Student: 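The structure is given below, and queries will be raised subsequently.
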Amino acid sequence: MTAAEPAVDMAGVAKSFSGHRALEHVDLSIPTGTVLGLLGPNGAGKTTLVRILTTLLQPDAGHASVLGHDVVTESAQVRQHIGVSGQYAAVDVNLTGFENLWMVGRLYGLGRSGAAARARELLDQFRLSDVAERAVKTYSGGMTRRLDLAGALVARPRVVVLDEPTTGLDPRSRMDTWSLVRDLVSDGAAVLLTTQYLEEADQLADSIVVLNQGRVVERGTSDELKSRAGQECLEVSADIEHLDDLKDAMTLIGDGRPVVETHLCRARVSVRDRRADVSALLKLLEERDIPVLDLSLRRPTLDDVFLELTESAQTEGPSA
Ligand SMILES: Nc1ncnc2c1ncn2[C@@H]1O[C@H](COP(=O)(O)OP(=O)(O)OP(=O)(O)O)[C@@H](O)[C@H]1O
Ligand SMILES: [Mg+2]
């Protein structure tokens, strides 16, 4: 691998499961010392991509490499350099936290005392020292998640793959994980992070790839994605019984189709001319006797970008 070569490189990667295309011609690369945020709705193909990169699954087509090693033909070298924390924790629940980490250290070739020292260090870093000698089956979900994450870092890997690392963590543990990812990156690791929390991608990712139904539908920095979504957004709340009428009115005024969040009794749409569009909408709502509970104008967030890009998957039902 040369200095200019990215730590992770994927080109044209495809994977199908009994005729269902989980990934279609996916390209991505992660330079050393950066975080790539992989976003996508349930079933988009994120875990499939993670499994290919970590050598657990072979692609049907395309190439993927980690630090210059091909994931298919040089899987042993890839595994040596990569740390993985999966969506489903890979810890042995009958062992203690210490034993789990110690075993991982031994698997990576550390000596008995070296593995023990590294396990203690990580247990401390992940605030698990107090429960180190307890069987993992007595841990809470968040503790198990943290232990799994610690396991990924035992061998100080140069490439770290985190599949939804903060799902199920409380806010403090989530922030701890974020600062840990920042430390990893400042030490020169390349990180692939999948997440459903767009704020997480916003905070951590140097670049973002959005997958939908196995295809890359958008890529760029968080700022680029937001500015591509571009326009200001008009957001209006109404009683549930007026939500359909509100959507109709917003369809007439806005630029593009409104996105309705039924559970929040809220609809939003992009607008081109804030003053004219807001007053036109208010007039229309007045005429149609639709009471407004709340109205705001704001710049697009990463959530807006995501909803817009992946809306087809939501309206067409599950892709699986
Ligand atoms: N081993 C498998 N056999 C058959 N289908 C599979 C298998 N693994 C994944 N799939 C299918 O491939 C698609 C992508 O799944 P994947 O787990 O990669 O999605 P994801 O983006 O990780 O979703 P989530 O956000 O729910 O974790 C889904 O339609 C899924 O049903
Ligand atoms: Mg997944």
Side-chain angles (χ1 to χ4, degrees), residues 8 10-28 30 35-64 66 71-72 75 78 82-91 141-142 144-146 148-149 151-152 159-169 174 177 181 191-205 207-219 222 225 261 263 302-320:
V8 171
M10 271 192 165
V13 167
K15 182 75 194 176
S16 294
F17 296 106
S18 28
H20 172 78
R21 287 180 174 227
L23 288 178
E24 271 181 68
H25 203 93
V26 173
D27 297 332
L28 60 81
I30 315 178
V35 180
L36 181 122
L38 185 63
L39 306 181
N42 293 138
K46 303 179 298 294
T47 298
T48 303
L49 189 148
V50 163
R51 294 182 66 209
I52 289 172
L53 195 63
T54 55
T55 78
L56 298 174
L57 195 67
Q58 293 204 356
D60 298 336
H63 295 281
V66 171
V71 295
V72 176
S75 57
V78 170
I82 207 166
V84 191
S85 176
Q87 186 170 15
Y88 307 102
V91 295
T144 311
R145 206 77 194 76
R146 300 209 301 272
D148 186 64
L149 199 51
V159 174
V160 180
V161 176
L162 305 173
D163 195 4
E164 301 200 20
T166 60
T167 300
L169 293 189
R174 181 167 299 161
T177 305
V181 170
V191 178
L192 175 79
L193 170 99
T194 85
T195 181
Q196 300 286 349
Y197 301 109
L198 302 195
E199 192 203 345
E200 186 160 294
D202 216 355
Q203 292 271 337
L204 294 178
S207 67
I208 291 174
V209 167
V210 185
L211 273 185
N212 195 20
Q213 301 180 349
R215 263 181 277 207
V216 174
V217 291
E218 188 61 285
R219 63 173 85 228
S222 175
L225 263 56
E261 291 168 294
H263 61 296
L302 208 48
D303 288 76
D304 300 327
V305 177
F306 183 82
L307 286 170
E308 198 178 306
L309 288 170
T310 59
E311 201 195 0
S312 58
Q314 312 282 320
T315 50
E316 285 161 18
S319 60

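Start at 1 and go down the list; that is how both ligands and their atoms are numbered. Model, not experiment: these values are computed from the prediction.
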Student: For A22, counting its heavy atoms only, list the atoms of ligand 1 lying under 4.0 Å from any of them.
Tutor: 12 (O), 13 (C)
Student: Would R51 count as being in polar contact with ligand 1, using the rule that some N or O on each side must be under 3.5 angstrom apart?
Tutor: no
Student: With respect to the Mg ion (ligand 2), please indicate if T47 possesses an N, O or S atom at a distance under 2.8 Å.
Tutor: yes
Student: Minimum heavy-atom separation for L169 to G142, with atom names?
Tutor: CD2-O, 3.6 Å
Student: Give the numbers and elements of all ligand 1 atoms closer than 4.0 Å to a heavy atom of E164.
Tutor: 25 (O), 27 (O)
Student: Among E200, Q196, R146, which residue meets the side chain to side chain contact (heavy atoms under 4.5 Å, CB included) test with T166?
Tutor: E200
Student: Which of the atoms in ligand 1, numbered in the order shown and given with their element, are less than 4.0 Å from a heavy-atom of Q196?
Tutor: 25 (O)
Student: For atom 26 (O) of ligand 1, which of I52, L49, N42 has the closest heavy atom?
Tutor: N42
Student: Side chain or backbone, does A44 bring an N or O within less than 3.5 Å of an N or O on ligand 1?
Tutor: yes
Student: Between P41 and L211, what is the shortest heavy-atom contact and its length?
Tutor: CD-O, 3.5 Å
Student: Within a reach of under 6.0 Å around CZ of R21, are more than 12 heavy atoms found that belong to other residues, nucleotides or ligands?
Tutor: no
Student: Assess whether atom CZ of R219 is packed by more than 12 heavy atoms of other residues, nucleotides or ligands within 6.0 Å.
Tutor: yes
Student: Specify the closest pair of heavy atoms between A205 and L36, including all atoms of both residues, with the distance to one decimal.
Tutor: CB-C, 4.5 Å
Student: Going by distance only, is there an N or O of G45 that falls short of 3.5 Å from an N or O of ligand 1?
Tutor: yes
Student: So L49 and L192, do their side chains get closer than 4.5 Å, heavy atoms only?
Tutor: yes
Student: As a check for students: among T47, L23, L57, T195, identify the option with a heavy atom nearest to atom 17 (O) of ligand 1.
Tutor: T47
Student: In this structure, which one of V160, L162, V191 forms a side chain to side chain contact (heavy atoms under 4.5 Å, CB included) with V35?
Tutor: V191
Student: Which ligand 1 atoms does T48 reach within 4.0 Å, using its non-hydrogen atoms?
Tutor: 9 (C), 14 (C), 15 (O), 16 (P), 18 (O)
Student: Could you check which of K15, R21, H20 puts a non-hydrogen atom nearest to atom 29 (O) of ligand 1?
Tutor: H20
Student: Is G43 close enough to touch ligand 1? Criterion: a residue heavy atom under 4.0 Å from a ligand atom.
Tutor: yes
